[in-house]
Amino acid sequence: MLKKLTIAGLASVSMLVATQGFAQERGGVVNVATIGELTTLDPMTATGDLLGMVTQHFFETLYTFDKDWNVAPLLAEALPEVSADGKVHTIKLRQGIVFHDGSAMTAEDVVASLKRWLEVASRGKLVAANVDKLEAVDDYTVQVTLKQPFAPLTALLAFNNSAAVVLPSEKIAETLAEYVGTGPYMIKERKADQYLQLVRFDGYKAREGEPDGFGGARKQYLDEIRFVPVPDANTRVEGAIAGQYDYADLLPVEAFDRLNGQQKTEPLVLKSFGWPMFIMNNKEGMMTKPGLRKAVQAALNAEDMMAAAFGKPEFFALDGALYPDGYQWRSDAGIEGYNQADPEKAKTLATEAGYDGKPVRILTSRQYEFHYKMAQVAAEYLKAAGLAVQLDVVDWATLVQRRAEPALWDIFITHSPFLPDPALIAPLPSSYPGWWASEAKDKLVVALNTEMDPQKRVAIFADIQKLIYEEAPFYKVGDFNALSAKSPKLAGFTPSAWPYFWNAYIAK
């Protein structure tokens with residue numbers, strides 16, 4: 001294995017990158033208002049859309065997703081070569097990739113990074129027990145040998161949530177001291193609760209061709225990106241209207257009319273954005289009783305919750321399936337358990353489960369205003385079913401911390417985009433807060449992950465969806481469209497579940 005190269009050893013590469021860079025349109029700073037502060041900048045050790053949204057600008061993975069949600073190469077040269085038995089994945093790496101510290105990326109870095117991912121990342125742990133061997137074949141080839149086939153491997157390697165980002169091997173530690181990646185932007189300064197300042201990395205080597213979703217070329221038009229935590233949703237709205245923010249993320253839908261027709265901002269609606277869910281604590285406390293989880297499922301009125309959260313009917317849809325129309329994973333299996341709104345049935349189920357009158361502790365945050373509004377409506381329906389309710393309203397960073405402690409909550413509220421492979425759905429693994437452990441679930445998930453035939457995988461997922469309604473580990477509330485706001489001057493921006501600002505620029 002060759003020793004890591006330095007900037008001096010990469011003079012020709014740097015000159016080429018610089019030449020390419022100066023051919024681009026230069027200049028511009030964007031201020032991005034996010035829903036809150038991040039508790040970490042390490043995308044392996046935590047999950048969350050906000051974390052993935054921000055860190056994807058300075059950390060990169062071997063693969064990503066194109067505009068049609070197909071897996072596409074990023075730091076890898078191409079999709080992996082897979083052996084006939086589905087066990088050996090050979091990954092060729094792009095050459096000339098440089099980290100922000102000036103060292104060259106080699107297979108040594110990739111192997112070290114993947115080993116850390118397998119150890120510390122919740123989604124890496126899904127793969128870890130199935131990895132027989134992980135090795136560098138040469139400086140630019142990595143080989144992963146599995147004990148049995150694992151169909152969603154490349155999708156997991158592409159996902160920016162609990163992400164398999166590539167780090168310099170010398171910087172790898174249990175707790176990262178530096179955040180050094182290969183991305184088009186790098187960290188210049190972070191002031192807690194004020195901003196995270198990213199600046200263009202002039203050593204970045206973009207893929208050839210045109211942008212293609214998260215894949216293809218990542219063009220560095222902007223000089224600087226500033227992520228500004230703005231926990232109050234109405235403050236994000238007013239800041240966008242005043243022109244303070246070039247992009248304001250996840251706004252209350254009732255702000256649409258106020259944003260419309262403004263000079264310094266404009267509403268941006270992302271259709272079929274995702275689905276909110278109530279995660280029940282399957283590990284500790286009252287929700288470990290299946291009957292009580294079924295009581296919650298029976299009590300909730302999805303229509304009223306979605307209407308309270310999103311107001312206008314064009315912003316939401318009532319749908320119990322985990323994937324909407326148009327996705328190959330779409331199934332109606334089990335959805336008769338959705339939107340029952342039956343307090344009497346819920347009261348009977350709770351009594352049979354031995355409910356003792358203690359309050360159901362619902363953990364939520366107002367930084368996602370629609371979470372909070374759904375919690376308020378849910379509380380009333382649970383009370384109608386004879387259940388006491390305690391709403392614990394905290395900031396999002398605190399919620400992420402508390403949900404890791406099973407003694408502190410019974411239900412927490414979150415949401416997810418519609419993901420390209422169901423193996424990526426957060427509450428499926430027993431390691432995710434909620435800790436759904438089920439022999440039937442484990443058997444089906446193993447079958448889903450080891451089956452290489454796409455149609456058979458679709459049928460298996462339908463069985464998983466049916467089981468979700470039977471065991472009620474979490475509750476899908478519905479489908480929703482998301483509202484954000486952007487400056488009319490922000491050009492080249494493509495709306496996404498995880499907004500990214502490479503390829504974007506400030507139009508003059």
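Worth saying up front: this structure is predicted, and the values here are computed from it rather than measured.
Although no hydrogens or angles enter the test, the distance criterion places a donor-acceptor pair under 3.5 Å between the side chain of S113 and the main chain of L167. Judged by distance alone, with hydrogens and angles left aside, the side-chain atoms of D246 form a donor-acceptor pair with the main-chain N or O of N31 at under 3.5 Å. Formation of a donor-acceptor pair under 3.5 Å by the H371 side chain with backbone atoms of P276 is not found in this model. Q56 places a side-chain N or O within donor-acceptor distance of the main-chain N or O of M53, the cut-off being under 3.5 Å. Judged purely by atom type and a 3.5 angstrom limit, N282 uses its side chain to pair as donor or acceptor with the backbone of G434. Without hydrogens or angle criteria, K441 side chain to W436 main chain gives a donor-acceptor distance under 3.5 Å. For Q220 (side chain) and R200 (main-chain N/O), no donor-acceptor pair under 3.5 Å exists by modelled atom type. Side chain of D249 to backbone of A33: no donor-acceptor contact under 3.5 angstrom is found. Proximity of a side-chain donor or acceptor of Y323 to a complementary backbone N or O of L419 within less than 3.5 Å is detected. Using a distance-only test at 3.5 Å, with no hydrogens or angles considered, no donor-acceptor pair links the side chain of Y505 to the main chain of F493.
Across all their heavy atoms, A240 and A248 have their closest contact at CB-CB, 4.1 Å. When all heavy atoms of P422 and L448 are compared, the pair lying nearest together is CG-CD2, 4.1 Å. Of all heavy-atom pairs between I279 and P433, the closest is CG2-O, 3.4 Å. Here the closest heavy-atom approach between residue Y247 and residue S484 is recorded as OH-OG, 3.2 Å. The two residues F501 and L222 make their nearest non-hydrogen contact at O-CD1, 3.5 Å. S169 and D109 get closest at one heavy-atom pair: N-OD1, 2.8 Å.
Within the structure, the salt bridge (charged side-chain N to carboxylate O under 4.0 Å, His left out) test picks out the following pairs touching residues 226-236 (sequence neighbours left out): E224-R226. For residues 39-61, the pairs satisfying salt bridge (charged side-chain N to carboxylate O under 4.0 Å, His left out) are D42-R116, E60-R218, with sequence neighbours left out.
Not counting sequence neighbours, F58 has no partner by the ring-ring contact (aromatic ring centres under 6.0 Å, His included) test. For E369, the salt bridge (Lys or Arg N to Asp or Glu O under 4.0 Å) test picks out R366, with sequence neighbours left out. When the side-chain hydrogen bond (donor to acceptor under 3.5 Å, both in side chains) test is applied to S122, the partners found at least two apart in sequence or on another chain are S162.
A heavy-atom distance below 4.5 Å is not found between the side chains of T47 and V400. A heavy-atom distance below 4.5 Å is not found between the side chains of V269 and V253. Contact annotation: the side chain of R403 never approaches that of N281 to less than 4.5 Å [non-hydrogen atoms, C-beta and beyond]. Considering only heavy atoms from C-beta on, T61 stays 4.5 Å or farther from F214 through its side chain. Proximity of V131 to L114: side-chain heavy atoms (C-beta onward) are nowhere separated by under 4.5 Å. Between D479 and K476, some side-chain heavy-atom pair lies under the 4.5 Å cut-off. With a 4.5 Å cut-off on side-chain heavy atoms, L38 and R190 count as touching. A 4.5 Å side-chain heavy-atom check between I464 and L428 finds at least one atom pair inside the cut-off.
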Margin query: Using the rule given for side-chain contact (heavy atoms from CB on, under 4.5 Å), can you reason through L118 versus L134, listing the C-alpha separation, both sets of side-chain angles and the distance that settles it, and then say yes or no?
Written below: CA-CA 11 Å; L118 294 170; L134 173 59; 4.2 Å; yes
Margin query: Evaluate I506 against V30 for side-chain contact (heavy atoms from CB on, under 4.5 Å), listing each step before the verdict.
Written below: CA-CA 8 Å; I506 300 296; V30 297; 3.7 Å; yes
Margin query: Using side-chain contact (heavy atoms from CB on, under 4.5 Å), reason through D395 and Q367 one step at a time and then give a plain yes or no.
Written below: CA-CA 6 Å; D395 62 84; Q367 284 167 255; 2.9 Å; yes
Next item on the list: Apply side-chain contact (heavy atoms from CB on, under 4.5 Å) to L74 and Y63, showing your working.
Entry: CA-CA 5 Å; L74 183 53; Y63 301 99; 5.7 Å; no
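In this structure, OG on S103 lies 10.0 Å from CD on E108, to the nearest 0.5 angstrom. D138 CG to K92 NZ: the interatomic distance, rounded to the nearest 0.5 Å, is 5.5 Å. Of the inter-residue distances, the one linking L196 atom CG with Q194 atom CD reads 12.0 Å to the nearest 0.5 angstrom. Interatomic distance, D392 CG to L408 CG, rounded to the nearest 0.5 Å: 9.0 Å. Taking CG of L93 as the reference point, atom OG1 of T106 lies at 8.0 Å (rounded to 0.5 Å). The OG1 atom of T414 lies 7.0 Å from the OH atom of Y368; values are rounded to the nearest 0.5 Å.
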Which atom pairs, donor and acceptor, lie under 3.5 Å between side-chain atoms of residues 143-159 and protein residues at least two apart or in another chain?
from	atom 1	to	atom 2	distance (Å)
Q143	NE2	T90	OG1	2.9
K147	NZ	A129	O	3.0

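For F480 and F273, the distance between ring centers is under 6.0 angstrom. The ring of W329 has its center no closer than 6.0 angstrom to the ring center of Y327.
Remark: K115 does not engage E135 in a salt bridge, criterion side-chain N to carboxylate O under 4.0 Å.
Ring pair F412/W409 is perpendicular by interplanar angle, where above 60° counts as perpendicular and below 30° as parallel.
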